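Okay, structure first, notes after.
Model, not experiment: these values are computed from the prediction.
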Amino acid sequence: MKKIILPTDFSENAWNAIFTALKIYADVKCHFYIVNAYEPGVLKPLGTENHKRLDVIYDSLSQHSEKELAEIHTYLDKNHTNLQHSFETVSMESTFEEAMEKLASEKDADLIIMGTQGATVAKQVFMGSNTVKVLKKLPNIPILAVPDSFNFQKLKTVLFSTDYMKGYDKFELDSLLELVNIWNANIEIIHVTEEFTLNETQQTNKDILEERLSGLEFTFTDLPFNSSTAYTIGQYTNNRTSDILGITRHHHTFWEKIIGEPVVRKLAFHSEIPLLFLQEK
């Protein structure tokens with residue numbers, strides 16, 4: 001059984017990520033952990049003389065979290081009739097990223113699916129900056145980030161972005177290849193570059209990747225570098241409503257070292273299609 005964590009702040013964005021998860025894994029036996037993390041710790045500077053007041057606030061946050069989670073569970077029990085799926089709600093007094101780390105470890109989770117608000121959204125929402133925080137905190141678990149406006153219907157192509165500067169162990173591609181197999185999707189490997197001739201290391205890693213994908217439908221696409229890697233990929237993936245983009249989370253990627261561009265952070269905030277951030281070694 002696949003174990004998937006679905007964080008929520010009870011917003012429409014979080015609901016969209018939940019519905020996306022249920023549709024993507026409709027034919028897979030899954031147990032979903034729907035988790036809300038509330039953080040009363042930020043109120044502690046009120047001082048020791050306000051302990052009673054803090055206790056009231058803590059209780060209020062806890063009760064609100066439990067109440068909203070119960071309503072989600074009731075809704076899913078009533079309206080989601082897929083016998084392949086089961087649900088469990090978890091309320092945690094913690095920062096978002098610490099809650100995700102603790103739950104993922106305790107439940108031996110396979111995947112986190114969460115919503116991400118775009119950088120242009122004015123109000124400060126739980127899901128925004130926390131997308132990047134959890135990417136840094138949990139490098140060893142795949143994370144699927146779902147844009148708030150994305151409406152998943154089917155999966156035709158799984159895109160995979162690489163610069164071929166690093167080889168990939170088989171397990172690193174497992175979550176990406178699982179999606180390919182579930183939906184019988186194609187794979188398109190996209191490479192953003194200013195130099196279309198690969199060096200020896202890149203060519204070796206490309207050959208290894210091709211071996212890893214043996215037996216599957218895949219193509220290679222070179223994208224001419226335009227302004228930034230994130231912008232180039234974003235322009236290419238715009239309006240591709242039946243695609244998901246897989247990307248690695250290296251601490252110091254090739255592009256970040258060469259031109260100082262934080263590719264992962266920019267993609268996490270600006271992509272119009274879901275991003276599957278693969279686990280690291």
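- Looking at Phe32 and Leu22, their side chains come closer than 4.5 Å, going by heavy atoms from C-beta outward.
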Practice problem: Dump the intermediate steps for side chain to side chain contact (heavy atoms under 4.5 Å, CB included) on Tyr25 and Leu179, then the final yes or no. | Solution: CA-CA 9 Å; Tyr25 292 98; Leu179 290 175; 3.5 Å; yes

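- Closest approach of Asn226 to Tyr231, counting heavy atoms only: O-CD2, 3.2 Å.
- Under the 3.5 Å distance criterion, with hydrogens and angles disregarded, a donor-acceptor pair is assigned to the side chains of Asp207 and Gln203.
- Within 6.0 Å of NZ on Lys156 lie no more than 12 heavy atoms contributed by other residues, nucleotides or ligands.
- Between Ile113 and Ile4 there is a side-chain heavy-atom pair separated by less than 4.5 Å.
- By the 4.5 Å heavy-atom criterion applied to side chains, Val158 and Trp183 are not counted as neighbours.
- Ring orientation note: the planes of Phe87 and His85 are nearly perpendicular, at an angle over 60° on the 30°/60° scale.
- Between the side chain of Gln202 and the backbone N or O of Asn199, at least one donor-acceptor pair lies under 3.5 Å.
- Within 6.0 Å of CD on Glu217 lie no more than 12 heavy atoms contributed by other residues, nucleotides or ligands.
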Quiz item: Given the rule in the salt bridge (Lys or Arg N to Asp or Glu O under 4.0 Å) test, do Glu188 and Arg240 qualify, once you have shown the distances and angles that lead to the verdict?
Solution: CA-CA 13 Å; Glu188 182 178 358; Arg240 298 185 64 147; 3.2 Å; yes

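- Taking the side chain as every heavy atom from C-beta outward, Lys2 and Cys30 approach each other to under 4.5 Å.
- Defined by atom type and a distance below 3.5 Å, a donor-acceptor pair is present between the side-chain atoms of Ser65 and Asn36.
- You'll find the side chain of Val180 stays beyond 4.5 Å of the side chain of Phe218, heavy atoms only.
- Side-chain contact annotation: Asp9 with Ser11, donor-acceptor N/O pair under 3.5 Å present.
- Partner Val134 forms a side-chain contact (heavy atoms from CB on, under 4.5 Å) with one of Glu101, Glu98, Met114 and no other, that one being Met114.
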Practice problem: Determine, step by step, whether Lys206 and Glu210 satisfy the salt bridge (Lys or Arg N to Asp or Glu O under 4.0 Å) criterion, reporting the C-alpha distance in whole Å, the side-chain angles of both residues, the deciding distance to 0.1 Å, and the verdict. | Solution: CA-CA 6 Å; Lys206 183 179 179 181; Glu210 192 166 356; over 6 Å; no

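- Of the candidates Val35, Thr89, Leu69, Leu69 is the only one forming a side-chain contact (heavy atoms from CB on, under 4.5 Å) with Thr8.
- Asn205 has its side chain out of reach of Thr162: every pair of non-hydrogen atoms, C-beta onward, lies at least 4.5 Å apart.
- Both tests do not hold together for Lys133 against Phe96: distance to the six-membered ring centre under 6.0 Å, angle to the ring axis within 45°.
- Contact check for Leu144 versus Ile244: side-chain heavy atoms found under the 4.5 Å cut-off.
- Using a 4.5 Å heavy-atom threshold, the side chains of Ile141 and Met100 count as separate.
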